[in-house]
Amino acid sequence: MRALIEIAKILPPLTHFFGSNRVIHFKEVGTTGFGDRLRGISLLMLLSRLYKVDYFYYEEKSSDAFPWNITDLIEIEGIRFIQGEDRIDGSYFLKVNHNSAKGTIIKKFGYEGMKRIKPKSPVVKTKIDSMPLGAHCIGVHIRTTDSIHTNRPGHAPKDVTGIMLKAINNLSTLNGCSHAYLACDSLEARNTWSDIITANTDLRVIHNSASYNSDRLRQTNSDDMITDFFALSKCGFLLRSVPSEFSRFAALTGGLKMKYNQLEGKLV
């Protein structure tokens, strides 16, 4: 029933099916971070497939949690974002408001389309292509600065470290993994977990040498954030310290199966 109610919210007027304006106005009203905003992108994927629409006027607001524009960071195969001088006036085929903080239950019907997302920056693309990622690499996402998950890396519960290490070693042994890609949201977390993995496994730890600014809520810059996201998506396995839409959508983008509360994702 809940899904039917949500679908009813994205039905255009019947007369619009016979018009020539096949542009959807998608307004992201939420102010949360990149991972949450990808909830809206997955809904956008569903709308594109459902209504055979490839053009979207995408509107959003930056915030402390996400001080950028998502359309400056990613591109989607087969979809064109209309902005700036390309903005059209008049009626749209459909207008949709989405709240990234809440999402919608029907976004799951757009998950398959996440594989079409690519980094927009040529610099980021080149950087990712130069890394030894792939089926032999375990992606490890450590999140410590989020307001919901406030554990500092030095004060993380011992069971989290133990569970992560056990999973890393099991994956390495069973699948012959040789590398661990470490994506962290602070320099402290990266140094801590790099030492932990190096001391307790035979894996070679790699990362994108991100720079951090501890004065900001999001300590990495946009290029480093996007590099981490797509690098995680190209790993054969993904482990994370806490549930996070950032790493879950990285998994979906790379074809890994991962539920929101699941801490381990594998290729399917």
Side-chain angles (χ1 to χ4, degrees), residues 34-35 38 111 114-115 117-119 124-146 149 151 153-154 156-210 212 219-220 223-268:
F34 178 71
L38 290 177
Y111 284 171
M114 298 304 294
K115 296 176 184 178
I117 292 181
K118 309 294 179 186
V124 171
K125 292 178 182 179
T126 299
K127 192 172 187 179
I128 293 172
D129 289 342
S130 69
M131 295 178 182
L133 305 169
H136 63 282
C137 188
I138 302 172
V140 180
H141 182 216
I142 305 298
R143 188 167 187 174
T144 60
T145 62
D146 188 273
H149 309 294
N151 289 322
K158 292 182 179 179
D159 60 333
V160 172
T161 302
I163 290 171
M164 292 280 288
L165 281 175
K166 182 178 179 181
I168 289 171
N169 279 308
N170 285 343
L171 287 173
S172 178
T173 300
L174 292 174
N175 301 282
C177 297
S178 57
H179 292 72
Y181 180 86
L182 191 56
C184 300
D185 58 2
S186 72
L187 180 60
E188 182 184 3
R190 191 178 76 189
N191 290 341
T192 297
W193 279 91
S194 181
D195 290 344
I196 288 173
I197 295 173
T198 300
N200 293 277
T201 76
D202 295 325
L203 297 172
R204 176 190 169 193
V205 177
I206 56 176
H207 53 74
N208 77 343
S209 300
Y212 299 93
Q219 296 187 22
T220 53
D223 277 2
D224 286 332
M225 178 197 67
I226 290 295
T227 299
D228 277 345
F229 178 82
F230 284 101
L232 288 174
S233 78
K234 291 183 177 297
C235 294
F237 307 92
L238 199 158
L239 301 172
R240 55 195 186 163
S241 59
V242 295
S244 164
E245 290 287 41
F246 183 91
S247 45
R248 181 165 76 124
F249 276 105
L252 293 170
T253 299
L256 281 72
K257 184 178 182 181
M258 179 174 276
K259 297 180 180 179
Y260 179 74
N261 289 320
Q262 187 180 357
L263 298 184
E264 179 177 346
K266 300 181 180 180
L267 282 170
V268 292

Scanning both residues in full, the closest heavy-atom pair of Ser172 with Ile138 reads N-CD1, 4.1 Å

Note: Ser186 and Ala189 closest approach over all heavy atoms is OG-N, 3.1 Å

| said: Check whether Thr198 reaches the backbone of Ser194 with its side chain - one donor and one acceptor, N or O, closer than 3.5 Å. | reply: yes

Output for pair (Ile226 CD1, Thr220 OG1), nearest 0.5 Å, gives 9.5 Å

Worksheet entry | Lys234, NZ atom: more than 12 neighbouring heavy atoms under 6.0 Å | no

Between the CG atom in Asn208 and the CZ atom in Phe229, the distance rounded to the nearest 0.5 Å is 14.0 Å

*asked:* With a 4.5 Å cut-off on side-chain heavy atoms, are Tyr212 and Cys184 touching?
replied: yes

Here the side-chain hydrogen bond (donor to acceptor under 3.5 Å, both in side chains) pairs for residues 131-140, sequence neighbours left out, are none

Distance col, row Ile197:CD1 vs Ile206:CD1, nearest 0.5 angstrom, shows 11.0 Å

Worksheet item: Does Arg190 use its side chain to pair, donor to acceptor, with the backbone of His207 at less than 3.5 Å?
Response: no

Worksheet item: Are the side chains of Phe34 and Phe249 in touch, meaning some heavy atoms are under 4.5 Å apart?
Response: no

*asked:* Within the 4.5 Å heavy-atom criterion, are Asp224 and Gln219 side-chain neighbours or not?
replied: no

Smallest heavy-atom separation, Pro119 atom then Val124 atom, equals CB-CG1, 3.8 Å

The reported gap from CG in Leu165 to CG in Asn200 (rounded to nearest 0.5 angstrom) is 5.0 Å

Value for CG (Leu232) from SG (Cys137), rounded to nearest 0.5 Å, stands at 9.0 Å

task = Evaluate the side-chain proximity of Arg248 to Tyr111: yes if any heavy-atom separation is below 4.5 Å, no if none is.
result = yes

Sorted by chain and residue number, the ring-ring contact (aromatic ring centres under 6.0 Å, His included) partners of Tyr181 (sequence neighbours excluded) come out as none

| message | Under the criterion side-chain contact (heavy atoms from CB on, under 4.5 Å), I'd like the reasoning laid out for Thr144 against Glu188: C-alpha separation, chi angles, the key distance, then a yes or no. | response | CA-CA 9 Å; Thr144 60; Glu188 182 184 3; over 6 Å; no

Worksheet entry | Validation row: His141, Asp228 side chains within 4.5 angstrom (heavy atoms) | no

Does the side chain of Met164 come within less than 4.5 Å of Ile142's, by heavy atoms?
yes

Under 4.5 Å between any side-chain heavy atoms of Asp185 and Phe246, yes or no?
no

- Given side chains that start at C-beta, do those of Leu203 and Cys177 come closer than 4.5 Å, heavy atoms only? yes

Atom CG of Asn191: over 12 foreign heavy atoms under 6.0 Å = yes

CZ (Phe237) and CG (Leu174) are apart, to the nearest 0.5 Å, by 8.5 Å

Exercise. Are the side chain of Ser241 and the backbone N or O of Arg143 linked by a donor-acceptor pair below 3.5 Å?
Worked result: yes

